[in-house]
Amino acid sequence: MDALGTLLRTHNCNELGTDHLAEEVVLMGWVLRRRDHGGVIFIDLRDRWGITQIVFNPEINPEVHQKAHQLRSEWVLAVRGRVEARPDDMANPKLKTGAIEILVNELRILNASETPPFPLDEDVEVSDSLRLQYRYLDLRRPEMAAKIIMRHKAAQAVRAYLSDNGFLEIETPVLTRSTPEGARDYLVPSRVNTGRFYALPQSPQLFKQMLMIAGMDRYFQVVKCFRDEDLRADRQPEFTQIDMELSFVHEEEIIAITEKMIKALFAATRNIDLTPPFKRMTYDEAMRRFGTDRPDTRFGLELIDLTETLRGCGFKVFNSIIEKGGVVKAINAKGCATFSRKDLDNLTEYAGRFGARGMAWIKIKEDEWQSPITKFFSEDELTAMGKALDAQPGDLILFGADSLNIVQQVLAELRLELAGRLNLIDRETFDFLWITDFPLLEYDHEQKRHTAVHHPFTAPAEDQMELLTTEPGKVKSRAYDLVLNGNEIGGGSIRIHQRAVQEKVLRALGIDKQEAEEKFGFLLRALELGAPPHGGIAFGVDRLMMILTESESIRDVIAFPKTQKATCPLTEAPAPISRKQLTELSLRPDWKEK
RNA sequence: GGGGUCGUAGUUCAGUUUGGUUAGAACGCCGGCCUGUCACGCCGGAGGUCGCGAGUUCGAGUCUCGUCGGCCCCGCCA
């Protein structure tokens, strides 16, 4: 092993070319691959920036060549040598530095390495647990490094854009208080205050509102948020938001500013020139046409409502559902009449996952409508259906019949599944869509009360204040979501800035005056001390980066992510703690010690 | 809380359907040869708690039950 000493790196492994011929350079990095011919030895040296081929030639320098025989994967090297053009026809067009190589005359071995537990130089699929256990190796792989680098560029573009537009980056507490509503909190016991707990923030929502009341006017933060809920491919318990709040604004200003921010972010990361304004759709229209509040509008297969067409129809199953207040909707899968019985069974099973109790279908053939259910319908009913669905020979009609919620969910998922199978999605497109006019509240049948669709601080539509006490479920809010390719990547709202309005909304949520005072007293007090009109938005950085890097999982764009069981295989967190630590916190758990 | 799927050499996988001699392949690793490769090539070799634990059986990688872990999904995620 050699010391680094005072040796200085002159270039990285991605910048040398024919402009540097005959220069003496010093490179440092890791051995990616070695090709030892017995005589000449080639090493691909890798760093964060790229790969450069270094050469050991026994005729030029026998001692260094001898030393190079021992080099193995992931050894850490410093080399001094001359930049040489590669011999004719020996250039490697796959490498940016492929026109040159470094003829080494000094080799310092800075560190050896055990054989890595998985290969870093190939596209071999390695299990997630192994990758995460050795995340520092996983991140050396160029494709992973590229994702981390792109994430940095995104954060830098956002900071630059927002700073240039009058926003202040202000930190908010990580140790804060648990609030009702929303997700399960991560809790932190207080040592100094026995029996009391901090909560990690689900978002800095109330703090950014406090900053508006403090006159900061425009705030942003790239901030970690925490929600103790189960994980998914696009969901981690700790995640990062670009969090923003502005004073003296309405929806249009926030939308315009964030569109420009997203434009700057896409230019900086992917060199993609977006052209705002983005499309918009109301919540009601999205639910009606696509069955979801985050529709992927890169393809059709829209939901067609047949409830009125089929009211009183001869098919008992549909008719009784309609009579009980349910709905019948359908998707026309263009050209899918060729689906086999097996395909259809498969789709039915898929639909079952989302609560469908079955799935009726009709194949539109040239001479007949082929289906187990056509016989139940009159000629007029079939004609009316065909017209509503624009059914042409070769089409396949898939029905959802149940309560509105189930039909919407089932058909929305079926629509996505079909688009995937039929390859209808253009992967090159970035399809942005604002969803507006969300309902303020929704009824929770389990809790038997209304809950906030966005959060309890979202302002109701200005002209619907009266409805709040009479028909709270019908009130629209001033919330908006930004959807990208069917993923919710951001959401926000104009907030309530007057105490009376906030009290009214809390009451509609079933929070009485005393509880409101206990949990939100500081907010209510602040609202009566000169709170300006304000609103904001937050973007999910992880999901956005997942789309930008075309990753399958959110874990690929997080340097140190959690497994689906919310553990970290690298550090083995969460871990047991000592009895002493528990005692200091005055915690006396009743679980059994090992 | 629930459903699905996977777990075999360092890695990726075959073998499990139908239980049966010494559990295979590729890559990697180790040794030898090799002066223009770039996924270098050629020759040879080592390498296994078939996730773990019970059970059935004359006999279990293979069947049963339990358990642990990875991943995907439902619920959950204002």
Side-chain angles (χ1 to χ4, degrees), chain A residues 32-45 51-60 62 65 69 72-74 84 86-95 97-98 101 103 114-134 137 179-185 202-203 205 225-237 239 349-356 409-410 413 417 438-442 444 446-447 450-458 477 479 481 488 491-493 505 509 538 540 552-553 555 562-565 567 569:
Chain A
L32 176 62
R33 269 184 292 261
R34 70 189 170 103
R35 291 176 292 280
D36 187 340
H37 289 235
V40 67
I41 299 170
F42 300 99
I43 300 276
D44 291 333
L45 194 68
I51 296 165
T52 299
Q53 175 168 283
I54 61 177
V55 188
F56 299 87
N57 191 321
E59 288 174 7
I60 307 291
H65 174 261
H69 272 307
R72 292 294 184 273
S73 288
E74 300 307 313
E84 303 277 355
R86 297 207 191 174
D88 292 344
D89 304 335
M90 297 291 171
N92 184 347
K94 286 187 228 162
L95 292 185
T97 60
E101 61 196 10
L103 189 56
E114 298 280 313
T115 302
F118 54 87
L120 306 189
D121 62 337
E122 290 166 40
D123 297 331
V124 177
E125 286 283 319
V126 182
S127 79
D128 273 51
S129 55
L130 198 65
R131 287 175 61 193
L132 294 186
Q133 187 186 346
Y134 297 98
L137 297 180
T179 51
E181 305 288 305
R184 193 176 293 115
D185 285 317
Q202 296 181 26
S203 84
Q205 181 59 35
C225 303
F226 305 86
R227 294 175 192 177
D228 188 4
E229 298 293 349
D230 289 344
L231 292 81
R232 288 285 187 282
D234 63 349
R235 227 162 68 191
Q236 288 265 314
F239 59 99
E349 191 202 322
Y350 188 78
R353 276 205 243 170
F354 306 97
Q409 194 188 351
V410 166
E413 297 292 345
E417 177 67 14
F438 278 82
L440 184 72
L441 308 169
E442 65 189 342
D444 182 328
E446 269 182 32
Q447 296 185 53
H450 284 93
T451 58
V453 168
H454 189 58
H455 58 52
F457 320 109
T458 298
S477 75
D481 276 1
E488 184 202 325
S493 65
V505 169
L509 288 168
E552 298 277 313
S553 162
R555 292 184 295 278
K562 301 275 189 288
T563 67
Q564 192 164 50
K565 281 230 165 75
T567 65

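Sequence lines set the chain letters: A, B, ... in the order given, protein chains first and strands last, and positions in each chain run from 1.
Each of B:C73, B:G36, B:A78 was ranked by its minimum atom distance to the side chain of A:M90; first place goes to B:G36. Considering only side-chain atoms of A:E59, the nucleotide from B:U35, B:C38, B:A78 that sits closest is B:U35. Across B:G69, B:C74, B:C72, the shortest atom-to-atom separation from the side chain of A:F354 is found for B:C74. The side chain of A:T115 approaches B:C29 more closely than any other nucleotide in the set B:C72, B:C29, B:A78.
A:R227 contributes a side-chain N or O that, together with a main-chain N or O of A:Q202, makes up a donor-acceptor pair within less than 3.5 Å. Here the side chain of A:H37 pairs no donor or acceptor atom with the backbone of A:G39 at under 3.5 angstrom. For A:S477 (side chain) and A:L441 (main-chain N/O), no donor-acceptor pair under 3.5 Å exists by modelled atom type.
Nucleic acid contact for A:R131: none, since no nucleic acid atom lies under 4.0 Å from a heavy atom of the residue. Nucleic acid contact class of A:P569 (heavy atoms, under 4.0 Å, all strands): none.
Between the C1' atoms of B:G59 and B:A23, the separation comes to 16 Å (whole Å). B:C34 and B:C42: their C1' atoms are spaced 8 Å apart (whole Å). Atom name P, nucleotides B:C6 and B:G48: the rounded distance is 27 Å, in whole Å.
Residue A:Q564 places at least one side-chain N or O closer than 4.0 Å to OP1 or OP2 of B:C72. Between A:R555 and B:C72 there is a side-chain polar atom (N or O) within less than 4.0 angstrom of OP1 or OP2. Taking only side-chain nitrogens and oxygens, A:K94 comes nearer than 4.0 Å to OP1 or OP2 of B:A39.
B:U64 is paired with B:A54 under the criterion used here, namely a Watson-Crick or G-U wobble arrangement in which both key atom distances are under 3.5 Å.
In terms of polar N and O atoms assigned as donor or acceptor, the side chain of A:R227 comes within less than 3.5 Å of the base of B:A78 in a complementary pairing.
Shown here are the salt bridge (charged side-chain N to carboxylate O under 4.0 Å, His left out) partners of A:D44, two or more places apart in sequence or in another chain: A:R33, A:R35.
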